[in-house]
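Data block below; observations after.
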Amino acid sequence: MNAAPKSTQNGVISRIKIMSDIDIAERRKPQDGRLSVNHQGRKIDLRVATLPTVWGEKVVMRILDNSTATLDLEELGIRQHNLDLYQQSYTKPYGMILVTGPTGSGKSTTLYATLNQVSRPEINVITVEDPVEYRIPGINQVQVNVKAGLTFAGALRSILRSDPDVVLLGEIRDGETAQIAIEAALTGHLVLSTLHTNDAPSAITRLTEMGIEPFLVGSAVDCVIAQRLARRLCPHCKETYSPTGYELERFGWQAGEELPELFRPAGCARCSRTGYRGRLALHEIMPVNEELERLAVARASSADIGRVARAAGMQTLIEDGWAKVRDGLTSVEELLRVVK
């Protein structure tokens with residue numbers, strides 16, 4: 001890999017800042033911006049974030065491909081079992097759907113794909129985001145502006161007076177926002193939002209920790225999705241191999257069962273010798289039934305909620321990932337990298 005000389009660092013960063021409409025004179029605090037480039041006839045947006053470090057400024061550019069905002073749920077790689085569970089939730093006229101996971105795990109893409117399923121001309125859809133990552137025609141999108149006093153909670157209060165049918169809230173960050181979103185879900189609105197938790201059952205306990213009454217959480221939350229992004233094996237060079245004893249034991253293979261055929265990365269010119277090309281999502285979908293509602297009201301732990309959810313048919317992230325490993329879509333190594 002070629003390395004650029006250190007002397008070019010400041011010049012390159014200044015150029016990126018100018019293109020992103022960021023203050024080039026400010027190097028002491030983090031800044032955010034956005035720029036667009038045309039690549040092979042497609043418009044690609046880049047979210048730019050700068051961070052001052054002891055070695056100079058660090059710049060991170062996240063690629064936002066607007067075509068992903070028009071994806072259907074089937075194109076996200078949701079397996080049929082999970083898709084059937086999820087469909088029962090987003091087709092309801094009210095309730096709350098939460099997508100959880102770390103930053104960059106595809107939560108926004110899943111929410112937009114859900115919007116594409118429910119959005120129709122006769123339905124009033126309003127979003128509150130920070131920032132608005134994908135611009136979609138026919139949807140009212142509100143950009144949070146903290147400096148102007150337009151916070152998530154303030155914007156959410158205002159849009160509820162605009163008689164929305166579906167509300168997409170970019171993220172639930174505090175108890176005030178969570179309270180208003182819960183009340184909206186209980187008063188006839190379909191609320192879609194994201195939350196930072198490691199798995200689906202933890203979302204219930206996270207909301208109660210934010211100060212929401214447990215009986216409101218149980219009544220309002222209709223479905224929780226936890227997800228991760230894993231690299232997809234290159235279809236042109238992936239190679240088969242016999243799984244090791246550790247891998248078989250790790251994923252619950254029983255003696256006497258047929259040995260699964262697994263694939264691992266090899267590397268070719270089409271995948272830049274990495275063995276991977278593209279990404280796919282792993283999902284853990286937990287519909288909230290009456291038993292889970294009772295556990296929420298009783299302030300049960302996330303471990304107890306998880307056990308009941310699995311008994312009701314929820315497949316964990318590792319189980320969904322293992323199914324995709326067996327389908328030859330990704331590798332065991334990659335699965336264990338993103339799901340512990």
Side-chain angles (χ1 to χ4, degrees), residues 64 66 68-73 76 85-100 107-195 203-204 206-208 210-225 285 287-288 293 296:
L64 299 174
N66 286 309
T68 62
T70 59
L71 290 176
D72 291 327
L73 288 169
L76 297 182
L85 291 177
Y86 188 38
Q87 193 170 26
Q88 296 171 15
S89 297
Y90 72 74
T91 52
K92 293 180 181 178
Y94 55 86
M96 175 180 281
I97 295 174
L98 294 172
V99 184
T100 74
K107 299 187 298 294
S108 295
T109 301
T110 297
L111 289 180
Y112 280 116
T114 305
L115 274 189
N116 292 333
Q117 296 291 322
V118 302
S119 178
R120 299 189 301 275
E122 65 271 19
I123 288 182
N124 185 13
V125 180
I126 305 181
T127 75
V128 184
E129 304 166 73
D130 182 25
V132 175
E133 293 188 344
Y134 304 110
R135 290 166 171 79
I136 304 177
I139 291 178
N140 307 283
Q141 296 175 277
V142 178
Q143 168 75 55
V144 168
N145 188 340
V146 177
K147 290 182 179 178
L150 185 62
T151 62
F152 272 112
L156 187 52
R157 281 197 199 91
S158 298
I159 67 174
L160 290 177
R161 293 192 286 270
S162 301
D163 191 30
D165 299 298
V166 180
V167 176
L168 187 152
L169 190 59
E171 183 183 346
I172 294 178
R173 297 180 178 176
D174 53 64
E176 184 184 11
T177 306
Q179 184 69 42
I180 302 170
I182 289 282
E183 291 172 359
L186 290 171
T187 53
H189 305 86
L190 180 62
V191 179
L192 312 174
S193 190
T194 69
L195 198 63
I204 303 296
R206 177 80 179 103
L207 287 172
T208 57
M210 294 174 78
I212 309 301
E213 291 292 340
F215 69 91
L216 292 178
V217 175
S219 300
V221 178
D222 197 71
C223 184
V224 183
I225 305 174
I285 297 183
V288 179
E293 281 189 39

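Computed over heavy atoms, backbone and side chain alike; hydrogens, waters and symmetry mates excluded.
Rounding to the nearest 0.5 Å gives a distance of 10.5 Å between CG of Leu169 and CG of Asp130. Atom OG of residue Ser108 and atom CG of residue Leu192 lie 11.5 Å apart, to the nearest 0.5 angstrom. Distance CG/Leu111 to CD1/Ile97: 8.5 Å, rounded to 0.5 Å. Separating the CG atom in Leu73 from the CD atom in Gln117 is a distance of 4.5 Å, to the nearest 0.5 Å. Rounding to the nearest 0.5 Å places CG of Asp222 at 10.5 Å from OH of Tyr86. One finds the CG atom of Leu168 at 8.5 Å from the OG1 atom of Thr114 (value rounded to the nearest 0.5 Å).
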Handout entry: side-chain contact (heavy atoms from CB on, under 4.5 Å) between Arg157 and Ile180, worked out
Key = CA-CA 7 Å; Arg157 281 197 199 91; Ile180 302 170; 3.7 Å; yes
Exercise for the section: Give the intermediate values and the outcome of side-chain contact (heavy atoms from CB on, under 4.5 Å) for residues Leu186 and Ser219. Expected result: CA-CA 7 Å; Leu186 290 171; Ser219 300; 3.8 Å; yes
Exercise for the section: Tell me, with the steps shown, if Leu207 and Leu98 meet side-chain contact (heavy atoms from CB on, under 4.5 Å). Expected result: CA-CA 11 Å; Leu207 287 172; Leu98 294 172; 3.8 Å; yes
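Shortest non-hydrogen contact noted between Ala181 and Leu156 is N-CD2, 3.7 Å. In this structure, Met96 and Ile182 approach most closely via the heavy-atom pair CE-N, 3.8 Å. Nearest approach of Ile172 to Ala178, heavy atoms of both residues: CG2-CB, 3.6 Å. Closest heavy-atom contact between Asp174 and Glu176: OD1-N, 3.1 Å. Shortest non-hydrogen contact noted between Lys107 and Thr100 is CD-C, 3.7 Å. In plain terms, the two heavy atoms of Gly170 and Ser193 that are nearest each other are C-OG, 4.4 Å.
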Can you list, pair by pair, the side-chain donor-acceptor contacts under 3.5 Å of residues 138-146, counting residues two or more places apart and other chains?
{"residue": "Asn140", "atom": "ND2", "partner": "Asn124", "partner atom": "OD1", "Å": "3.2"}
{"residue": "Asn140", "atom": "ND2", "partner": "Val125", "partner atom": "O", "Å": "3.1"}
{"residue": "Gln141", "atom": "OE1", "partner": "Ile136", "partner atom": "N", "Å": "2.9"}
{"residue": "Gln141", "atom": "NE2", "partner": "Glu129", "partner atom": "OE2", "Å": "3.3"}
{"residue": "Gln141", "atom": "NE2", "partner": "Tyr134", "partner atom": "O", "Å": "2.7"}
{"residue": "Gln143", "atom": "OE1", "partner": "Val132", "partner atom": "N", "Å": "3.1"}
{"residue": "Asn145", "atom": "OD1", "partner": "Lys147", "partner atom": "N", "Å": "3.4"}
{"residue": "Asn145", "atom": "OD1", "partner": "Ala148", "partner atom": "N", "Å": "3.2"}

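Using a 4.5 Å cut-off on side-chain heavy atoms (C-beta onward), Lys92 and Leu190 make no contact. In this structure, the side chains of Asp165 and Pro93 stay at 4.5 Å or more apart for every pair of heavy atoms.
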